[in-house]
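Please read the structure below before turning to the comments.
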Protein chains: 4
Amino acid sequence: LGDVHPQLALPERPLGGNDPDAAGDIDLAFLALPHGASAALGHTLAKRGVKVVDLGSDFRLDTARRYEEAYGSVHPFPGELGQWRYGLPELFDLTGATKVASPGCYPTAVLLAIAPMLRAGLVEPSGIVADCISGVSGAGRGLKEEFLFGEVAEGVRAYGVTTHRHRPEIEMALDAIAGITTTVTFTPHLVPIQRGLLATVTARLKSETDPASVLSDAYAKSPFVEVIDRPPQTRWTVGSNRAHVAAFVDRRQGVVIAQCALDNLLKGASGQALQAANLMFGFDEATGLPTSGLMP
Amino acid sequence: LGDVHPQLALPERPLGGNDPDAAGDIDLAFLALPHGASAALGHTLAKRGVKVVDLGSDFRLDTARRYEEAYGSVHPFPGELGQWRYGLPELFDLTGATKVASPGCYPTAVLLAIAPMLRAGLVEPSGIVADCISGVSGAGRGLKEEFLFGEVAEGVRAYGVTTHRHRPEIEMALDAIAGITTTVTFTPHLVPIQRGLLATVTARLKSETDPASVLSDAYAKSPFVEVIDRPPQTRWTVGSNRAHVAAFVDRRQGVVIAQCALDNLLKGASGQALQAANLMFGFDEATGLPTSGLMP
Amino acid sequence: LGDVHPQLALPERPLGGNDPDAAGDIDLAFLALPHGASAALGHTLAKRGVKVVDLGSDFRLDTARRYEEAYGSVHPFPGELGQWRYGLPELFDLTGATKVASPGCYPTAVLLAIAPMLRAGLVEPSGIVADCISGVSGAGRGLKEEFLFGEVAEGVRAYGVTTHRHRPEIEMALDAIAGITTTVTFTPHLVPIQRGLLATVTARLKSETDPASVLSDAYAKSPFVEVIDRPPQTRWTVGSNRAHVAAFVDRRQGVVIAQCALDNLLKGASGQALQAANLMFGFDEATGLPTSGLMP
Amino acid sequence: LGDVHPQLALPERPLGGNDPDAAGDIDLAFLALPHGASAALGHTLAKRGVKVVDLGSDFRLDTARRYEEAYGSVHPFPGELGQWRYGLPELFDLTGATKVASPGCYPTAVLLAIAPMLRAGLVEPSGIVADCISGVSGAGRGLKEEFLFGEVAEGVRAYGVTTHRHRPEIEMALDAIAGITTTVTFTPHLVPIQRGLLATVTARLKSETDPASVLSDAYAKSPFVEVIDRPPQTRWTVGSNRAHVAAFVDRRQGVVIAQCALDNLLKGASGQALQAANLMFGFDEATGLPTSGLMP
């Protein structure tokens, strides 16, 4: 591990493979594998009684139809779809869960920003625009030309326009929370930062209720979501499992601009997975997780 | 000049003040002054018969009412409002102009992306969402804590949410082009790059016409706007007066996502001002302006 | 505190002044004040029996003469100079210390790289060249034009060439460790990173002994200094109190190139101060300090 | 070309191969090929009477012995070594040259900083320390993990310590200029910038003559080297063919710190190659080359 991640002071920890038979007698497994690679392994482990948190996308969608639309292929275990809890603890109950599909980084931010307003009936369920901005670690450590320093530094670009697979995941979760069908235009952007993700979600208001108060009520008991009254900065969350959310209203236009900033590697990935595991085992959800960031 | 800008190989050029009487017998003046500082000077120079291109915002809006809404104060020369041409040559005719208000960087990008579709009746005039991302040079060289390296690097944030003064400017120009009243939700974001601006504009489609073909027709004769079929990257335009635009359609949702990337210091500022001046004097609009960028 | 540092999840902690009478009955004080501001306060607290760790430079030098040469002024409490322990625990004994002058970030890195070789008589004490590279947080949070994003990004520059005050501090510490007079040419450079410092120290060899083995022996019991056999990267240390050191020999030229990478805000500042405090109170020196970094 | 470099407004220019028979009747060829790939092609073209500027390293060294020491292999055309002019016009005469080996980026900067002082006998020829800092474009566009954004951003590291092949090139050129054998310790560093290179060269003085005046005399007629009296910043040269040099003296230690900043892609590569070609054809050496940079 120390060879791959010299920043970790753990030079002697060997990295093994993904053979479930070699895993021994374990209580819990975190899966952090490429798309398609965790379906069989997760299914096997779960059948053996191991609690599983899958950080991949294989078990996030709720129906075979939605999966096929998003991925263009048939799910190998369609009966499992809908059987895994969606691991966003601030919006979905994870008590007693044994199989958790941990959300994508973009869905986490978009949902934390806008879901409470949809649930409260404050905004129209269609015409939602989610423009998101992320650092390069969201794309993993793969060796691709587009992620070379010389291709990223001093540049801004969108990618996956109209086709990114986090869009069906966002709509699935919003449908579940709001109880109606939603449509979201989702456009992700890449900028030259390592960690951090900002979601800017614009929706049409259909109520006079103050969106900020709806957010404050929704997250009153959440240790990791802080509602603030100025535009969230990704810098403030990097290194912590905390998300900052805020809402701004333009009554002239009848819209709300809701924002969420988080660290895509913590609240958007590994931190949230550990938060879910804490709840699966009945621990305090904040156990072992940092609430303060490290910038500068 | 060489002391302030050591990158320029012009160490012996002294910097003077803004006294019009000291300017001598000039044909053309470019004004690049803070908000409010060019109104009187521009008015004086124009009365003397000097052609003026104002890079500031003092003469961009068309009516006293719109000015007061945007700036919260009374314009010192309200009779001048509407008398200055809006200096976006791809969308407004500058032939024979003597007084030109050069557009802001954000309006330039948003208008180049979406205005041809509004003019052609392709999209709804309301509910337009313009999320824009800019580098720090857009804010000038002022000494403010929020622009320190340690406050910008490795971060993303929005600013001026619901209140930025480029929003009324965008709506004014779109109203003029489309002949109807438009509403735009405009949210600018700051990211750690020096130069470059990307506008991502989402609008509801009301026609089956292909937006990309409308863009191609609109800019067929424009030397500085290139319509491309992949997401524009700011890197590709930095150092040139060129803008890249593209449009992506999601028929399922009935929306178009239109994008424009440009260099906020050239096509978004000084380059466009020179382009306007070329047209004011009957020169080729591309005279003296770079079409190729300098990245990497 | 939360207003100034929103990344800290401590919004309700008020920031007080520096009045020692308002400090109450305390055992330990950390002083992190501008040059010249901690001399009187540190002296007062120490006389009251409070243990003090001063992160400033007021008590680092050992004689009035050296202080005057470095700072061009008379020290207000010259009798204190030489009475404060130099707080680099890997090279100076802090057992039983009550007054500690915590080292500067550059001296920490240069000394960790080269001091064991000087102590062992491996290298010549003169003609040492220490070229160092640091991120902007080393300069604090002051509002200066030279630290604007637009002045730092995409640039490299030296500063304080031949005049930086860390040079006398380095020589003082090397003199104490080696027992002879040393001369060091010290040139610091600024690059566009937030945290991190790399020292590259070139010295003439006068022995056949392997420098790497001397480093390994010197730091065998140090939890925060790791000797590695490839060029240290600042990225590997950011977020931890750990320093990476390495030595490379060019026998053809008779030189050693010794390097040290560290986080200038932790091992180069606050982390090292806490490490010293742990030793002052007889605690394990690693108490409360991170050994793993956070990159990426 | 436009597909590979979208920043160039030349979308219709096809990229061909390197077959000299397909080149047609040409007067001049620039070769920009990997190490080892230009030897045969350059030799063939030169024999046909084509003037050649080779930006690679195949013809830079002067003897077979030096080549073998540096590259560990036998040169395919050893008779050519020493027959190509070293294309640094400020220090080597290129009048009438037909075969030019264009210098590496690091040698260009180190030589411009220190060679005039060696030629004038101001500094000792041994014990020279050249610590250099470069952006990632110096390494080309190869797809290597170490050049991913996530491996470069927010980091500093040395590479090629004691082994970099620019060291023998630097010594060869200094030997030729000074007429004696020199030894240079050369350590290159990588920092998160795209373009720009700073050389910091420390040497022992053996004369009372002012180094800055020696530099000023050496470059009095050079349009692309400017001697300045403050530390050069790479930012000031990016986008131009200009180099900034400066020298700082520490009489107490008897050393000079000489610095050179330049754009590694222009004065350190393609710009300098064009400058050489201008001289080969008897043109003004500045023809077609920018003297002003583009930052910010």
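Letters A, B, ... mirror the listed sequences (proteins, then strands); counts begin at 1.
- For Y159(B), the ring pair (Phe, Tyr, Trp, His ring centres under 6.0 Å) criterion is met by H164(B), not counting sequence neighbours.
- For E154(A), the parts lying under 4.5 angstrom from a heavy atom of chain B are both the backbone and the side chain.
- The contact list for residues 243-252 of chain B toward chain A, using heavy atoms and a distance under 4.5 Å, reads F248(B), V249(B), D250(B), R252(B) by residue number.
- Heavy-atom proximity under 4.5 angstrom to chain A picks out T183(B), V184(B), T185(B), T187(B), H189(B), V191(B) from residues 172-191 of chain B.
- Between I193(A) and P192(B), the shortest heavy-atom contact is CG2-CG, 3.5 Å.
- In terms of modelled atom types and a separation under 3.5 Å, the side chain of R157(A) and the main chain of L198(B) share no donor-acceptor contact.
- Contact annotation for Q253(B): only side-chain heavy atoms (C-beta onward) come within less than 4.5 Å of a heavy atom of chain A.
- Residues of residues 119-131 of chain A lying under 4.5 angstrom from chain B, judged on non-hydrogen atoms, are V129(A), D131(A) by number.
- In this structure, K206(B) places its NZ atom where more than 12 heavy-atom neighbours from other residues, nucleotides or ligands lie under 6.0 Å away.
- Interface check for chain B: of the options R204(A), R167(A), R230(A), the most heavy-atom pairs under 4.5 Å are formed by R167(A).
- Residue P232(A) touches chain B through its backbone alone, counting heavy-atom pairs closer than 4.5 Å.
- Only the side chain of V161(B) has a heavy atom closer than 4.5 Å to any heavy atom of chain A.
- Heavy atoms only, all atoms of each residue included: A158(A) and P231(B) are closest at O-CB, 3.4 Å.
- Options S134(B), G254(B), A153(B) differ in how many heavy-atom pairs under 4.5 Å they form with chain A, and the most are formed by A153(B).
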